[in-house]
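Encoded as structure tokens, the structure appears first; notes follow it.
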Amino acid sequence: MKKIINLNKKSSIILYPLPPYNFDATIHKPSHFPSSDNKWEKGNYWISMLWKGTCLGLKLENKGTIAKPKVRVTIHSLKILSKRFKQSLISEIEWRFNLKSDISEFDKRFKKDKTFSPLFKKWRGMKPVAANSLYESLVIYIVLQNATVKRTYSMLESLFNRFGEKIKFDNKILSTFWDPKDINKVPEQTLRDLKLGYRAKFLKRISEQFDKKEIDKFKMREMDKETLKKEALKLYGIGPASVEYLLFEDFYHYDALETIPPWEQKIMSKLLFNKKLVPVGKILSFFRDNYKNWEKLTFHYIWEDIFWKRKNQYVPWLEKEIRL
DNA sequence: CATCAGGGCCCTG
DNA sequence: CAGGGCCCTGAT
């Protein structure tokens, strides 16, 4: 059992997201599998973060409304942080929690949508969130591949326990990720022992690329969608399915809807057409024809809505499609 | 018990 | 560009 690190120093700042901003629906995604690096309760969110080699604990509190959003961020750390460090950290936090991207056009354009206006209204101000760093997201995409939820969860938790730390702040104990070099320096077999299977090689290669600073996430944030896509596909172990998540969830391309994995296809078939299985092409053109430029964001609203429902009530047909 | 596909990806031919 | 192989797990 590793020692728990107490983060005793803290400082707070108020941030103002661009409206509309739905705090809970943006920060918490019920469709995602649970992971011990973060915790959500209505209006509050805790997550561990590594920034420039420093281990931090963030607490975010909702202090505003969708139309007048306001978020209080408390940064917990072991040592007092310099002003310079905090400045870079705050702009990173603004990116990660998607405080500044503009979805007001989407908001206006589909207000009167004949099919989904109630749903758009219900989740007004919901955006994708890249609460994890790019490296951490890639780790998650790798453990998602060809695995059930349970297996994905256990692979990630094994990695946390082997390579990460446990931190305590605001009465929460959370896992942290690790520096890519920690994985780059261990043999592949260490990862295989954690039951990563063939993904071990992917994780090692990606960790190596990050350790050698071959990937510039800031540059990637500036790229147009097609360039970014090509760039991301160069990452070893990252293919079309992972890139599909990456473009939307990590780089906020709201129109990035090109492929739909089988289980999502089944669920969307039911939700959109009330059928068992509709061809992917038909689902794609439904979004393209009706929600141009906002295809994936629209998909996201429909998608998360059913998973929010699942939190409060049992949805038998959905349960069957989730490989737990 | 064995067999097999899978919420992919890489590599080979 | 099609298809085999890969770690494991759960379904049959």
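Below, chains carry the letters A, B, ... as their sequence lines are ordered, and counting in each starts from 1.
Put simply, A:Lys150 has no side-chain N or O that comes within less than 4.0 Å of OP1 or OP2 on C:dT9.
Aromatic rings from A:Tyr301 and A:Tyr291 are positioned such that their centres are separated by 6.0 Å or more.
Of all nucleotides in DNA chain B having an atom under 4.0 Å from a heavy atom of chain A, the first and last in 5' to 3' order are B:dG6 to B:dC11.
When the nearest nucleotides of DNA chain C are assigned to A:Leu324 and A:Arg192 by heavy-atom distance, the more 5′-ward of the two goes with A:Arg192. Between A:Lys234 and A:Glu321, the residue whose closest nucleotide on DNA chain B is further toward the 5' end is A:Glu321. Remark on DNA chain C: of its neighbouring residues A:Tyr198 and A:Thr148, the 5'-side contact belongs to A:Tyr198, judged by nearest-heavy-atom nucleotide.
Within residues 266-274 of chain A, no residue places a heavy atom under 4.0 Å from DNA chain B.
Taking atom P in both C:dT9 and B:dC10, the straight-line distance is 23 Å, to the nearest Å. One C1' atom belongs to B:dG7, the other to C:dA2, and the distance between them is 22 Å to the nearest Å.
A:Glu214 and A:Arg205 are not joined by a salt bridge, as no carboxylate oxygen comes within less than 4.0 angstrom of a charged side-chain nitrogen.
Remark: A:Lys282 qualifies as a cation-pi partner of A:Phe273 under the 6.0 Å distance and 45° angle criteria applied to the six-membered ring. Annotation: cation-pi pair A:Lys320/A:Trp317 absent, no NZ/CZ under 6.0 Å from the ring centroid and within 45° of its normal. A cation-pi arrangement is present between A:Lys296 and A:Phe299 under the rule of less than 6.0 angstrom and at most 45 degrees off the ring axis.
The residue A:Leu196 sits apart from the nucleic acid: no heavy atom pair falls under 4.0 Å. Base contact: A:Arg199 has a heavy atom under 4.0 Å from a base atom. The residue A:Thr152 sits apart from the nucleic acid: no heavy atom pair falls under 4.0 Å.
For the 3.5 Å distance criterion, the side chains of A:Ser88 and A:Trp51 qualify, holding a donor opposite an acceptor. A donor-acceptor pair shorter than 3.5 Å cannot be found between the side chains of A:Asn22 and A:Trp123. If you check the side chains of A:Tyr135 and A:Lys217, you find no donor sitting under 3.5 Å from an acceptor. No side-chain N or O of A:Ser48 forms a donor-acceptor pair with one of A:Thr176 less than 3.5 Å apart. With hydrogens and angles left out, the side-chain atoms of A:His76 and A:Lys172 include no donor and acceptor closer than 3.5 Å. A donor-acceptor pair shorter than 3.5 Å can be found between the side chains of A:Ser175 and A:Lys166. Of the N and O atoms on the side chains of A:Asn161 and A:Glu157, not one donor lies less than 3.5 Å from an acceptor on the other residue.
Both key distances under 3.5 Å define a Watson-Crick or G-U pair, and stretches of 3 or more such consecutive pairs in DNA chain B run B:2-6 with C:8-12, B:8-13 with C:1-6.
Note: CG (A:Leu194) to P (C:dC8) measures 11 Å, nearest angstrom. Summarising the geometry, the separation between CZ on A:Phe202 and C1' on C:dC8 is reported as 14 Å, rounded to the nearest angstrom. In this structure, A:Arg323 places its CZ atom 16 Å from P of C:dC8, rounding to the nearest Å.
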